[in-house]
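Report on one structure; see the data block that follows.
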There are 2 protein chains.
Amino acid sequence: MPKSKFEHIYRDLKEKIESEEYPYMELLPSENQLIEVYDCSRNTVRRAIKLLATEGYVQSQHGVGVRSLYRPIHRTNYLIGGIETFKDSAIRNNITTSTHVISFEDIICDQKLAETSGFEVGTPLYYIKKVRCIDNKPVILDINYFNKRIITDLTKEIVEQSCYDYFENELHIDIATSKRLFTVERVTKQDQENLELNDYNCMAVIRGHVFTAGSELFEYTISRHRPDYFAFADTAIRKHV
Amino acid sequence: MPKSKFEHIYRDLKEKIESEEYPYMELLPSENQLIEVYDCSRNTVRRAIKLLATEGYVQSQHGVGVRSLYRPIHRTNYLIGGIETFKDSAIRNNITTSTHVISFEDIICDQKLAETSGFEVGTPLYYIKKVRCIDNKPVILDINYFNKRIITDLTKEIVEQSCYDYFENELHIDIATSKRLFTVERVTKQDQENLELNDYNCMAVIRGHVFTAGSELFEYTISRHRPDYFAFADTAIRKHV
DNA sequence: GCCGATTTGTCCGTATGTATC
DNA sequence: CGATACATACGGACAAATCGG
């Protein structure tokens, strides 16, 4: 059940676009028509359309209307996008997965780690290394640093299930902003020891900083993916300069 | 000169954040204060803040205020983000670059190309292959398909300068939406023949679909980067479900 | 624990500008 | 030229979260 009028409109339009009730390259109903359909103000439909545009679903044309840019995607591989958990993504892509924790320690943030992680020196952290398997093949190596001032009573067992289920549903932590840096880097000894790499000598690497709704840095993670199990989709809108 | 009030506020706040006048983790002035400073309505300051939030510069906290999440980045390598041209990016990163066109042909879109590119079968296209050098090292291979119904009179010489300068300043084409898919793929024979790859056996690959403001598909490009000359930054905001 | 001040979140209605047809 | 459609901006109302007294 959508909380807000805005969200209702956003979801409804998105669904109609995905189901191709509004097909690729066709115009949606005009803003004025949508105002009547959803019984709301102009600003509210515009907010929904704006969000759909930033997600690449539609594009507004001044003096013309709003056009669908959505085409169904057909990809076999693993796909990430937005702030999505590994599990969500796996379910969405209909893939069987498992997680194996290979290291679970308490550490204190030192000077060197502070520079890359963004945690303050002296912050108590969980340091976790885990291998993620897709279709029983170990293909992703995750290195997590969680802020112990925010995350409490974490166990190996929880990590093997889903960290984010625990954070959100048990600890009621609101995740708000996530910044990521994507690079492609050489395979390390650590990768070779823990993953099945075939002859790949590079990995897709994502370094992520995650903040709570209270603006505390709560997670720093390095996620190393075998190339053939990595893909990332992005939409950019040219700023109206 | 900013066209709109909104843009002025957005730029001014961004500058103050980047110059750390509003430092990392500190609160910006409240919306009501900003209304007075910029002599505008609440919605207008909120639009600016919203955009800064989607770019990872700030985060709003209900009942508290808006906090800066900006920390200066220090990277030596090549960085892309948003819809930025190769040239812009190079200038921003203070790097010398050059472009060498190795193939420039007119083709017609066939069935196979239509599936990946999204152009309709029969669309006349420019097919261009070029190598981009950074610090005189050939490290990026670009394969462009441009819609000839939109792009006219393109020449090898223009491509060697800057396609986008020509498209925007000469042809006055407005670029609006760009969708990209990032993957990491095996080095091909084509890569080996044209680039200096050392012993890397993978490439960072970006496949991009670009639409005009008129919602016409105008470009499909495959851009293959040597791993050590590739990085991409991204910010995601959790949807308030 | 309660109340009030402050701050952001959501929503509305209206006016004006500008692009398209 | 007029009708339609999106873009920008204003001002107001109320809700929800936070914090201090």
Side-chain angles (χ1 to χ4, degrees), chain A residues 1-11 13 22 26-54 58-69 172-174 176-177 211-216 237-241, chain B residues 1-11 13 22 26-54 57-69 172-174 176-177 212-216 237-241:
Chain A
M1 178 89 181
K3 271 196 321 195
S4 62
K5 224 163 186 174
F6 158 71
E7 199 184 325
H8 168 68
I9 298 170
Y10 164 73
R11 288 200 193 188
L13 288 176
Y22 305 139
E26 295 290 301
L27 291 176
L28 272 62
S30 77
E31 291 180 354
N32 284 323
Q33 285 171 289
L34 293 175
I35 287 168
E36 296 206 353
V37 172
Y38 294 110
D39 185 32
C40 67
S41 78
R42 182 114 190 276
N43 284 333
T44 308
V45 296
R46 283 177 61 73
R47 269 181 70 202
I49 289 168
K50 186 77 178 290
L51 181 53
L52 290 167
T54 65
V58 300
Q59 178 174 295
S60 295
Q61 284 174 255
H62 202 153
V64 180
V66 178
R67 217 175 272 283
S68 166
L69 286 188
H172 303 291
I173 291 169
D174 265 344
T177 302
F211 297 84
T212 65
S215 293
E216 291 169 296
I237 297 178
R238 189 76 156 189
K239 284 179 213 65
H240 355 283
V241 182
Chain B
M1 180 87 181
K3 271 195 320 195
S4 62
K5 225 163 186 176
F6 156 71
E7 199 185 325
H8 167 68
I9 298 170
Y10 163 74
R11 289 201 192 187
L13 289 177
Y22 304 138
E26 295 288 302
L27 291 175
L28 272 62
S30 77
E31 291 178 356
N32 283 323
Q33 286 172 292
L34 293 174
I35 287 168
E36 296 206 352
V37 172
Y38 295 110
D39 185 33
C40 68
S41 76
R42 182 142 176 253
N43 283 333
T44 308
V45 297
R46 283 178 62 75
R47 265 185 74 201
I49 290 168
K50 185 80 176 291
L51 182 53
L52 290 167
T54 64
Y57 279 85
V58 299
Q59 178 173 294
S60 295
Q61 286 175 253
H62 200 158
V64 180
V66 178
R67 218 175 272 284
S68 166
L69 286 189
H172 303 291
I173 291 169
D174 265 344
T177 303
T212 65
S215 293
E216 291 169 298
I237 296 177
R238 188 76 155 186
K239 283 179 214 70
H240 352 285
V241 182

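Keep in mind that what you see is a predicted model, and the values were worked out from it rather than measured. Note on naming: letters A, B, ... go to the chains in the order of the sequence lines (proteins, then strands), and numbering restarts at 1 for each one.
Rounding to whole angstrom units, NZ of residue A:K50 and P of D:dA9 are separated by 11 Å. Atoms CG (B:L28) and P (C:dT7) sit 13 Å apart, rounded to a whole Å. When the P atom of C:dT10 is taken as reference, atom CD1 of A:I9 falls 13 Å away, rounded to whole Å. Distance B:R46 CZ to D:dG12 P: 17 Å, rounded to the nearest Å. Spacing between atom CD of A:E7 and atom P of C:dT10 amounts to 9 Å, rounded to whole angstrom units. Spacing between atom NE2 of A:H8 and atom C1' of C:dT10 amounts to 16 Å, rounded to whole angstrom units. Atoms CG (A:L27) and C1' (D:dC6) sit 12 Å apart, rounded to a whole Å.
Residues satisfying the side-chain contact (heavy atoms from CB on, under 4.5 Å) criterion with B:N32, sequence neighbours excluded, are B:S30, B:I35. Every residue meeting the side chain to side chain donor-acceptor pair (under 3.5 Å) condition with A:S41, not counting sequence neighbours, appears here in chain and number order: A:T44. In this structure, the side chain to side chain donor-acceptor pair (under 3.5 Å) partners of A:Y38, at least two apart in sequence or on a different chain, are A:D12. Taking the side chain to side chain donor-acceptor pair (under 3.5 Å) definition, one finds that B:Y57 meets it with B:E18, sequence neighbours left out. Not counting sequence neighbours, the partners of B:Q61 by the side-chain contact (heavy atoms from CB on, under 4.5 Å) test are A:S215, B:V64, B:R67. Checked against side-chain contact (heavy atoms from CB on, under 4.5 Å), B:E216 has the following partners two or more places apart in sequence or in another chain: B:I150, B:T212.
Taking every heavy atom of residues 59-68 of chain A and every atom of DNA chain D, pairs under 4.0 Å involve A:S60, A:Q61, A:H62, A:G63, A:V64, A:G65, A:V66, by number. In the region residues 30-43 of chain B, proximity to DNA chain C at under 4.0 angstrom, judged on heavy atoms, holds for B:S30, B:E31, B:R42, B:N43.
The shortest distance between the side-chain N/O atoms of B:T44 and the OP1/OP2 oxygens of D:dC10 is below 4.0 Å. Contact annotation: B:K5 side-chain N/O to D:dC10 OP1/OP2 distance is under 4.0 Å.
Counting only heavy atoms from C-beta outward, the side chains of A:V58 and A:L28 approach each other to under 4.5 Å. Put simply, the side chain of B:I9 does not reach to within 4.5 Å of the side chain of B:L34, judged on heavy atoms.
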Go through the steps to decide whether B:Y22 and B:V66 satisfy the test side chain to side chain contact (heavy atoms under 4.5 Å, CB included), and finish with yes or no. CA-CA 10 Å; B:Y22 304 138; B:V66 178; over 6 Å; no
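Remark on the helix from C:dC2-D:dG21 to C:dC21-D:dG2: inter-end axis angle 10°, axes from five-pair C1' superpositions, rounded to 10°.
With values rounded to the nearest 0.5 angstrom, A:I49 atom CD1 is found 7.5 Å from A:L52 atom CG.
Within the structure, every pair that satisfies the salt bridge (Lys or Arg N to Asp or Glu O under 4.0 Å) test and touches residues 34-46 of chain A, not counting sequence neighbours, is listed here: A:E31-A:R42, A:E31-A:R46.
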